[in-house]
Amino acid sequence: MGWNSWNQVRCHNLTEDIVKAAADAIASNGMREAGYQYVVVDDCYQGGRDPETGSLIAHSQRFPGGMPALGEYIHAKGLKFGIYGVPGSETCANFWDEYPIHGLGSLGMEELDAQTWAEWGVDYLKYDWCRADITDELEKIPAFLRMRDALVTTGRDIVYAVSEYGDDEPWTWGAEIANLWRTTQDILPEWDSVAGIINAQADLWPYSRPGAWNDPDMLQVGNGEFTDDVEANRAHVGMWAMLAAPLFLGTNVPDLDPQILGILTNPDVVAIDQDPLGKQAQRLVKNADGTQVWSRPLKDGVFAVALYNLGTEHQHITAALEDVVGAGAWRARSVWDQKDVDVTGGHLSADVAPRGLALHMLRPA
Ligand code: GAL
């Protein structure tokens, strides 16, 4: 859980001040206490390589204070520091954003770069494929393993997030290499993108487990169609929690609408997302009218159940408890308004807004 610069500023607007503002806000608006901790600087922080040592250096205009000082700043707020790298020679922004500085990739420099990041105080690495097969004829698994081994060699505890956009079923091999792996192409701040990603996760539940997670990409909360649409943000964040997904905000945190901040810090949402069993939700019902039922087992025999409406009309969604959480007596609570819901008839139902989600915790009575 945390923040990443990319969905907020992409490449050319990334600065040290933006990163510090995110850290300041997370440390003061309740997000840190809710569990948001990683502040990740994505692509376009790099200024080149030191001509003598070959070490990566930060962009001097964008990051005038330098990376070790930024790491200290983030740590002093009680947060953790994340950074971006690539296995080939070119970063994605060299290609997609015409970032003019080259030679930033870690190919042949894996140990040096891992050491540099460790010296900067880095706690999280996003390692992004970026067409390294085309530019450098690399193979994914050996390339990702080289950086894993380099990170281990530093002796520092660094979360390792790999990204190849779900192209080669990384859920089948990612757990051997990394802590999390992207399962999709880049998320956009549009409902269709978010709904498409949710749909594509339905069969991936067997692969996620503690320490090894499917990553359906960062949140678009606060951006584009998710700027202030409370229902759509509930569906987006609530389904990411059901998917046991990382929750990385990528918006201007100080500007967050208070109701949307409330979704992100809702204690049930965080408890579902971070549940220690680490089991990802399964989709149990998929109706032609765009209504779906998803269920996720949590610790102590509790279940999270999502009644999800992808459509553009209001829908009354009903699920038989026997089919969703099993026989027996249950108590249900709605996550959004923290109220008990009557399930004595053996059914859980809710009116669900268009592009919305009713989320519930079900406890054995
Ligand atoms: C993409 C990646 C994005 C972002 C970007 C940086 O490949 O999926 O999340 O990291 O590269 O250039």
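Whatever order the structure lists ligands and atoms in, that order sets their numbers, starting from 1. Predicted model only: the values in this text are computed from it and were never measured.
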Check your understanding: Under the 3.5 angstrom rule, does the side chain of Asp289 hit a backbone N or O of Thr291 as a donor-acceptor pair?
Key -> yes
Check your understanding: Does an N or O anywhere in Lys126 fall below 3.5 Å from an N or O of ligand 1?
Key -> yes
Point to revise | Side-chain donor or acceptor of Arg156 paired with backbone N/O of Ile158 under 3.5 Å | key: no
**Study point:** Gln185 near ligand 1 by a heavy-atom separation under 4.0 Å
**Key:** no
Name each donor-acceptor pair under 3.5 Å that joins a side chain in residues 139-147 to protein atoms two or more places apart or in another chain, with its distance.
| from | atom 1 | to | atom 2 | distance (Å) |
| --- | --- | --- | --- | --- |
| Lys140 | NZ | Glu164 | OE1 | 2.9 |
| Lys140 | NZ | Asp168 | OD2 | 2.9 |
| Arg146 | NE | Glu110 | OE2 | 3.4 |

Exercise for review: Would you check if the side chain of Asn309 reaches a backbone N or O of Ala353 as a donor-acceptor pair within less than 3.5 Å?
Suggested key: yes
Acceptor/donor pairs from residues 56-64 side chains to any protein atom, 3.5 angstrom cut, sequence neighbours excluded:
| from | atom 1 | to | atom 2 | distance (Å) |
| --- | --- | --- | --- | --- |
| His59 | ND1 | Gln61 | N | 3.3 |
| His59 | ND1 | Arg62 | N | 3.2 |
| Arg62 | NH1 | Cys11 | O | 3.0 |
| Arg62 | NH1 | Cys44 | O | 3.0 |

Practice item. Number the atoms of ligand 1 from 1 as they appear, then name those within less than 4.0 Å of a heavy atom of Tyr165, with their elements. Key: 7 (O), 8 (O)
Practice item. Decide whether the shortest distance between a heavy atom of Thr91 and an atom of ligand 1 is less than 4.0 Å. Key: no
**Study point:** Heavy-atom nearest option to atom 11 (O) of ligand 1, drawn from Ile187, Asp217, Asp128, Asp186
**Key:** Asp128
Check your understanding: Would Trp129 count as a contact of ligand 1 if the rule is a heavy atom under 4.0 Å away?
Key -> no
Study note, to complete from the structure: shortest atom 12 (O) of ligand 1-to-protein heavy-atom contact is with Asp43 OD2, 2.8 Å
Exercise for review: May I ask you to identify, for Trp96, whether its side chain, its backbone, both or neither come under 4.0 Å of ligand 1 on a heavy-atom basis?
Suggested key: neither
Check your understanding: Which pair of heavy atoms, one from Leu307 and one from Ile317, lies closest together, and at what distance?
Key -> CD1-O, 3.8 Å
Exercise for review: Could you pull out the closest heavy-atom pair between Cys130 and Tyr165, with the gap in Å?
Suggested key: N-OH, 2.9 Å
Practice item. May I ask whether Tyr99 has any heavy atom positioned less than 4.0 angstrom from an atom of ligand 1? Key: no
Check your understanding: Contact between Arg10 and ligand 1, counting heavy atoms under 4.0 Å?
Key -> no
Review point. Distance-only, no hydrogens or angles: does the Tyr36 side chain make a donor-acceptor pair with backbone N or O of Leu264 under 3.5 Å?
Key: yes
Study note, to complete from the structure: In this structure, atom 10 (O) of ligand 1 is nearest to the protein heavy atom Asp42 OD1, 2.7 Å
